[in-house]
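The block underneath contains the structure these notes are about, expressed in structure tokens.
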Amino acid sequence: YVEAITGDPGGLNPQFSGGPIVNRITFSMYESLVEITDEYEIQPGLAREWEISEDERTITFYLEEGVVWHDGEPFTADDVTFNFEEIVPLQTWGAMIAARMESVEAPDEYTVVLNLERPFGPLFEALSQQAMVPKHLYEGTDYVTNPHNMAPVGTGPMMFVEFNPGAEVVLERNPNWWRGETQVDRTIFTVMTDPNTRALAMLNGELDGAVLDPSKQADVSEHPDLMQVERGYFQDRITVVFNAEQPELADPAVRALVFSAIDRDDVVRLALDGLGTPAESFFLDMPPGARHPPPPPAPRTRPPFPRPP
């Protein structure tokens, strides 16, 4: 499987490096306790099941047994407690978990008990973004500069082979993956920074996957062997942010006028070639109360017809 990426990943450990490229590559090598679908459904990962106390402050995770790291060492509850105590606090979403964590315990090799100071609504969503790293390779090291951040050892379906900056990242099938056989023997993420080069390579059958500019999607739809992927990723939000420190935008009324002048339908039609939805809230399919209310009608400066003589 060959997929084009738009640039080098900033790192190969998603706990310390973020972004679409990093996550695309690394979450086939690393795994999390729970997983989340593109419809925001929580599913089991390295934790096969869990129990939540009535006060929602104690969560007991029951881990999959027989899982091994890519170097053959067993994955156990000690790895999970180490991650909660040492690695999770260093990650963006993990820091929110750590801020509410009271303690974490491992009653046995395959059970982990997480105790929170107070309930945390998006706990499982945040956990889905926490890649478990091996305690035996990180304990006692400088976590951020650990060499395994660029040569990952995980539990996932693919294993790290090599990273050639400016050229490619190569992975191979994990023959001991706890979930069984995978459909891919070898994956090559090849670096193609130029969007036209990516498009030509995709249209000529040199790639199995790539992110193409919206302007190229018409060519994709006409190609007999290509299709636009519509599932598998979170919704991409394209935002415009005001720099309120600029004197011209310091007045909220001015910002409101500029905001009201943005034609979101035209942005979708022209900039995205119709591949999008004009935003009315932070998320699609939100209840009506969470959407922007329609603007009030403009006040009349003259009385309506018929006017009195």
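The residues of the chain are indexed from 1 along the displayed sequence. Only heavy atoms go into these numbers, but all of them, side chains included; no hydrogens, no water, no symmetry mates.
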- Could you tell me which residues satisfy side chain to side chain donor-acceptor pair (under 3.5 Å) with Trp178, sequence neighbours excluded, listed by chain and number? Glu31
- For Asp71 and Glu73, indicate whether the former's side chain and the latter's backbone hold a donor-acceptor pair under 3.5 Å. yes
- Item | Donor-acceptor contact present, side-chain Asn83 to main-chain Val88, <3.5 Å | no
- Any side-chain heavy atom of Leu171 sitting closer than 4.5 Å to one from Val184? no
For residues 5-21, run the donor-acceptor check on the side chains, cut-off 3.5 Å, and write out each pair with its distance to 0.1 Å, sequence neighbours left out.
unit_1: Asp8; atom_1: OD1; unit_2: Gly166; atom_2: N; d: 2.8
unit_1: Asp8; atom_1: OD2; unit_2: Gly166; atom_2: N; d: 2.8
unit_1: Asn13; atom_1: OD1; unit_2: Gln15; atom_2: N; d: 2.9
unit_1: Asn13; atom_1: ND2; unit_2: Tyr138; atom_2: OH; d: 3.2
unit_1: Asn13; atom_1: ND2; unit_2: Asn149; atom_2: OD1; d: 2.9
unit_1: Gln15; atom_1: OE1; unit_2: Ala131; atom_2: N; d: 2.8
unit_1: Gln15; atom_1: NE2; unit_2: Gln130; atom_2: OE1; d: 3.1

- Between Ser215 and Asp213, is any side-chain donor less than 3.5 angstrom from a side-chain acceptor? no
- Message: Test your reading of the model: is there a side-chain donor-acceptor pair from Arg173 to the backbone of Pro157, 3.5 Å cut-off?
- Response: no
- Would you say Asn174's side chain and Gly156's backbone share a donor-acceptor pair under 3.5 angstrom? yes
- Message: Would you say that Trp50 contacts Leu33 through its side chain, given a criterion of any heavy-atom pair below 4.5 Å between the two side chains?
- Response: no
- Message: So Tyr62 and Asp108, do their side chains get closer than 4.5 Å, heavy atoms only?
- Response: no
- Query: How about Val80 and Met132: do any of their side-chain heavy atoms sit closer than 4.5 Å?
  - Reply: yes
- Query: Between Lys135 and Asp79, is there a salt bridge with N-O shorter than 4.0 Å?
  - Reply: no
- Would you find more than 12 non-hydrogen atoms of other residues, nucleotides or ligands less than 6.0 Å from Glu49 atom CD? yes
- Do you know which two heavy atoms are closest between Arg179 and Glu35, and how far apart they sit? NH1-OE2, 3.1 Å
- Message: For the backbone of Asn196 and the side chain of Asp194, can you confirm whether one donor and one acceptor N or O come within less than 3.5 Å of each other?
- Response: yes
Can you give the donor-acceptor pairs under 3.5 Å from side chains of residues 92-103 to other protein atoms, not counting sequence neighbours?
unit_1: Arg100; atom_1: NH1; unit_2: Met96; atom_2: O; d: 2.8
unit_1: Ser103; atom_1: OG; unit_2: Asn115; atom_2: ND2; d: 2.9

